[in-house]
Chemist: 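Encoded as structure tokens, here's the structure I'll be asking about.
We name chains A, B, ... by the order of the sequence lines, and we start the count at 1 in each one. Below, all heavy atoms of this structure are taken into account, side chains as well, without hydrogens, waters or symmetry copies.
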Number of protein chains: 2
Amino acid sequence: MQTVGFGQHDHSACMGGGMKAAEDACTAQGLRLTKGRRRVLEILLQEHRAMGAYDILGLLSDEGFASQPPVVYRALDFLVANGFAHKIQKLNAYIACAHPGDSHTPVFLICRSCKTVAETAASLKSTLGEVADKIGFKIETTIVEAEGMCPTCRAAESPA
Amino acid sequence: MQTVGFGQHDHSACMGGGMKAAEDACTAQGLRLTKGRRRVLEILLQEHRAMGAYDILGLLSDEGFASQPPVVYRALDFLVANGFAHKIQKLNAYIACAHPGDSHTPVFLICRSCKTVAETAASLKSTLGEVADKIGFKIETTIVEAEGMCPTCRAAESPA
DNA sequence: GATGACTTGATATAGTATAACATTTCCAAT
DNA sequence: ATTGGAAATGTTATACTATATCAAGTCATC
């Protein structure tokens, strides 16, 4: 298990790795890592924290990109849909994936004081509490939400 | 373990129980379950689904309450803070607590088709997958976010 | 009936996200 | 090399979610 977000780490490696993972995945799947999408991912990797869409948009427009919300939301949608970034629901913010390439269920530890977000690779089968203990994070509240299909809708969708 | 939200249940009991639990808790803790707060909880219990703040506000203003957002957000803040309702981050919506009185970490199963939300009493130590399997819910994505204090901020707060 | 804590009223504004449609770019098939 | 279609982007407008602020009212207690 890895935990990224608190403490020291090799940030240039984590940036390069994030970009490379995204490039490779796009090549492999025929996805287009266009200029804007690439730049948003770079920003998220560089800042290494959860950022609001409008924070990112501000940086983009400083750099000559268009300054309308769809510019950033489209890039974020692409990055999130393909696992290169995640949305932190609690913060309405976005963060680069810390485990690119792995298919995983992200688990986030969010500090309410400094807003740092750590992404752990804890599975739902391990105990979140143990993960937190190990790195000295004190959990105060948790959000667990699973989205999918309820029995009724599944039955309606595929009639026997 | 109980799961409320999919399938049949005694809804009048679940409403009455929800109100009584809130009343008792308020009495016990010296909290004021005022007219507006009570009405919002009734609406949430009655509708028995996740509702947007502005949906609730619409009902309130139809009934003669003031129609400004703070009216409903204040009531929701109170209900959520005291465990009588929960916020579903994924939907930006609110739902009455299905296990009033218990102190618990709520776990929500959200149907992407019909938007029904089930609150289970699954603990983080049990496997979410098992809970879902048992009731025939097919999980597609999960959100796990824990908020608290990171090691750095804890150290800064209480210097040795 | 004065005090102070809590609650509500009311106005304004901040923050987050998407709809809709026109235009351009890219790639593949001819 | 052209062209046709899919994907991406530009652009305008708007919808949705939530909070700040300050004034006024309510309630329990002293």
Chemist: If you check the B/Pro70 side chain, which of D/dA20, C/dG9, D/dA18 turns out closest?
Modeler: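 Closest of the options to the side chain of B/Pro70: D/dA20.
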Chemist: To the nearest angstrom, how far is B/Asp55 atom CG from D/dA18 atom C1'?
Modeler: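 Rounded to the whole Å, the gap is 15 Å.
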Chemist: If you check the A/Ala53 side chain, which of C/dA17, C/dC26, D/dT11 turns out closest?
Modeler: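 Shortest atom-to-atom distance from the side chain points to C/dA17.
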Chemist: Between A/Glu157 and A/Arg154 (salt bridge meaning N to carboxylate O under 4.0 Å), is one present in this structure?
Modeler: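 Answer for the salt bridge query: no.
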Chemist: Got a second to check how far B/Tyr54's OH is from B/Ile56's CD1, nearest 0.5 Å?
Modeler: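 Output value for this atom pair is 12.0 Å.
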Chemist: Name the closest nucleotide to the B/Tyr94 side chain, picking from C/dA10, C/dT8, D/dA18.
Modeler: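 Nearest nucleotide to the side chain: D/dA18.
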Chemist: I need the CD-P distance between B/Gln68 and D/dA20, as an integer number of Å.
Modeler: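 Atom-to-atom, B/Gln68 to D/dA20, this comes out as 17 Å.
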Chemist: Can you confirm whether B/Tyr94 sits close enough to B/Val80 that some side-chain heavy atom of one is under 4.5 Å from a side-chain heavy atom of the other?
Modeler: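 A side-chain contact under 4.5 Å exists here.
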Chemist: Roughly how far, to the nearest 0.5 Å, is CD of B/Glu47 from CG of B/Leu59?
Modeler: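 If I round to the nearest 0.5 Å, the distance is 6.0 Å.
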Chemist: Should the ring pair A/Phe84 and A/Phe78 be called parallel, tilted or perpendicular, given that the plane angle runs from 0 to 90° and is split at 30 and 60?
Modeler: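 Judged by the thresholds at 30° and 60°, the geometry between A/Phe84 and A/Phe78 is tilted.
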Chemist: Does A/Lys35 put a side-chain nitrogen or oxygen below 4.0 Å from OP1 or OP2 of C/dT24?
Modeler: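 The answer is no; no side-chain N or O of A/Lys35 sits under 4.0 Å from OP1 or OP2.
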Chemist: Side-chain donor or acceptor of B/Tyr54 under 3.5 Å from a matching atom on the base of D/dA18?
Modeler: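 It does, because a donor-acceptor pair links the side chain of B/Tyr54 to the base of D/dA18 below 3.5 Å.
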Chemist: Would you mind reading off the distance between B/Arg74 atom CZ and D/dA18 atom C1', rounded to a whole angstrom?
Modeler: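 Atom-to-atom, B/Arg74 to D/dA18, this comes out as 12 Å.
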Chemist: Using whole Å, report how far CG of B/Asn82 lies from C1' of C/dT7.
Modeler: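 Going from B/Asn82 (CG) to C/dT7 (C1'), I get 14 Å.
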Chemist: Whole angstroms only, please: what is the CG-C1' distance between B/Leu31 and C/dC6?
Modeler: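 My rounded result for the distance is 12 Å.
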Chemist: From the list C/dT7, D/dT9, C/dA17, which nucleotide is the closest neighbour of the side chain of A/Thr34?
Modeler: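 When the side chain of A/Thr34 is considered, D/dT9 is the closest of C/dT7, D/dT9, C/dA17.
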Chemist: What is the separation between atom CG on B/Leu57 and atom P on D/dC16, rounded to the nearest whole Å?
Modeler: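 The distance from CG of B/Leu57 to P of D/dC16 comes to 13 Å, rounded to the nearest Å.
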Chemist: So, is A/Asn92 near the phosphate of D/dT17, with a side-chain N or O under 4.0 Å from OP1 or OP2?
Modeler: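 No, because none of the side-chain N or O atoms of A/Asn92 sits under 4.0 Å from OP1 or OP2 of D/dT17.
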Chemist: Measure from NZ on B/Lys90 to C1' on C/dA17 and round the result to the nearest Å.
Modeler: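 So the NZ-C1' distance, B/Lys90 to C/dA17, works out to 14 Å.
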Chemist: Over how many whole Å does the gap from B/Arg37 atom CZ to C/dG9 atom P extend?
Modeler: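 Taking atom P of C/dG9 as the reference, CZ of B/Arg37 is at 12 Å.
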Chemist: Considering only side-chain heavy atoms of A/Tyr73, which listed nucleotide, C/dA17, D/dA18, D/dT12, is closest?
Modeler: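 Closest of the options to the side chain of A/Tyr73: C/dA17.
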